[in-house]
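Note that these values count all heavy atoms, side chains included, but never hydrogens, waters or copies made by symmetry. Throughout, a chain's letter reflects where its sequence line sits, starting with A, and its residues are numbered from 1.
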Amino acid sequence: MKEKELRRSQAVLPIGTVMKLTKLSARQIRYYEEQQLVTPKRNEGNRRMYSLNDIDRLLEIKDYLDEGINMAGIKHIYDEKARKQAQKKAQLEKPLTDADVRRILRDEFMSVSGLSKQNEFFFKHNKNF
DNA sequence: TTTCTCACA
DNA sequence: TGTGAGAA
C-alpha cells in the first residue's frame with residue numbers, strides 16, 4: 001500500500017490537466033494555492049505540477065464551496081486534520097508506554113534469571129514436550 | 001502553445 | 001474571480 005501512496009503523491013500533472021479534471025479555472029486553482037489549500041510542486045520552468053492527491057483535495061474544496069463553506073472554514077477543516085495527524089505521528093514515534101517498558105524488563109529478567117529453572121521444572125512435569 | 005506573475009477602464 | 005499583458 002506504500003507504492004500506491006507514492007504514485008498518488010507524484011506531482012506530474014500540469015495546471016491545464018488539473019483544470020479539465022476539476023472543472024476549475026487556472027485562476028481559482030492558483031488562488032487556492034495562495035490560500036495554502038494545495039501545495040503543488042514546481043518543475044524546472046516554474047510550472048506548477050500537481051499530484052493525484054492534489055486533484056482530490058481540489059475536488060474536496062469545490063464540494064465544500066458548494067456546501068457554502070468559505071475559505072476560512074475550509075482552512076480550519078484541513079488544520080484540524082493536520083493537527084490530528086501530527087498527534088497520531090507523535091504517538092507512533094514513542095509507542096513505548098511505561099507499561100510497555102515494565103513488561104519488556106520483566107520478560108528480560110525472566111529470560112536471564114528465572115527461565116532456566118522454570119524450564120527445568122516445566123519439562124520435568126511435561127514429558128510430552 | 002501553455003503557464004507564470006502582476007495588475008485593474 | 002475574471003481578464004489581459006508581457007515574459008519564459
Going 5' to 3' on DNA chain C, which nucleotide is the first and which the last to come under 4.0 Å of a heavy atom in chain A?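 Here the contact window of chain A covers dT1(C) to dA8(C).
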Base-paired stems in DNA chain C, each at least three Watson-Crick or G-U pairs under 3.5 Å: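 The stems are B:2-8 with C:2-8.
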Same apolar cluster (I L V M F W Y, side chains within < 4.5 Å links), Ile55(A)/Met49(A):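 No, separate clusters.
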Is there a path of hydrophobic side-chain contacts, each under 4.5 Å between heavy atoms of I, L, V, M, F, W or Y residues, that connects Leu58(A) with Ile69(A)?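 Per the 4.5 Å side-chain linkage, Leu58(A) and Ile69(A) are co-clustered.
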What's the spacing between [X] [atom1] and [Y] [atom2] if we round to 0.5 Å?
X: Gln35(A); Y: Tyr78(A); atom1: CD; atom2: OH; value: 13.5 Å
X: Gln85(A); Y: Leu92(A); atom1: CD; atom2: CG; value: 11.5 Å
X: Leu59(A); Y: Leu24(A); atom1: CG; atom2: CG; value: 7.5 Å
X: Leu52(A); Y: Leu13(A); atom1: CG; atom2: CG; value: 6.0 Å

[X] has an atom [atom1]; how far is it from atom [atom2] of [N], in whole Å?
X: Glu33(A); N: dT3(B); atom1: CD; atom2: C1'; value: 12 Å
X: Asn46(A); N: dT2(B); atom1: CG; atom2: P; value: 18 Å
X: Tyr31(A); N: dC4(B); atom1: OH; atom2: P; value: 18 Å
X: Lys20(A); N: dT1(B); atom1: NZ; atom2: P; value: 13 Å
X: Arg42(A); N: dC4(B); atom1: CZ; atom2: P; value: 6 Å
X: Ile29(A); N: dT5(B); atom1: CD1; atom2: P; value: 13 Å
X: Leu13(A); N: dT2(B); atom1: CG; atom2: P; value: 16 Å

Select from Arg47(A) and Leu65(A) the residue whose nearest nucleotide in DNA chain C is closer to the 5' end of that strand. Leu65(A)
Check the pair Asp54(A), Arg57(A) against salt bridge (Lys or Arg N to Asp or Glu O under 4.0 Å), reporting the backbone distance first and the verdict last. CA-CA 5 Å; Asp54(A) 292 327; Arg57(A) 165 148 309 195; over 6 Å; no
Short N-O contact, Arg83(A) and Glu80(A), less than 4.0 angstrom: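 Here Arg83(A) pairs with Glu80(A) in a salt bridge, since their nearest N and O are under 4.0 Å apart.
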Suppose we call a contact any N or O donor and acceptor under 3.5 Å apart; does that hold for the side chain of Arg48(A) and the base of dT3(B)?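 Answer no: no donor N or O sits under 3.5 Å from an acceptor.
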May I ask you to say what Gly45(A) touches in the nucleic acid, namely base, sugar-phosphate or nothing, with a heavy-atom cut-off under 4.0 Å? nothing
Is the NZ atom of Lys81(A) crowded by more than 12 outside heavy atoms at less than 6.0 Å? yes
Return whichever of Arg30(A) or Arg27(A) has its heavy-atom-nearest nucleotide of DNA chain B closer to the 5' end. Arg30(A)
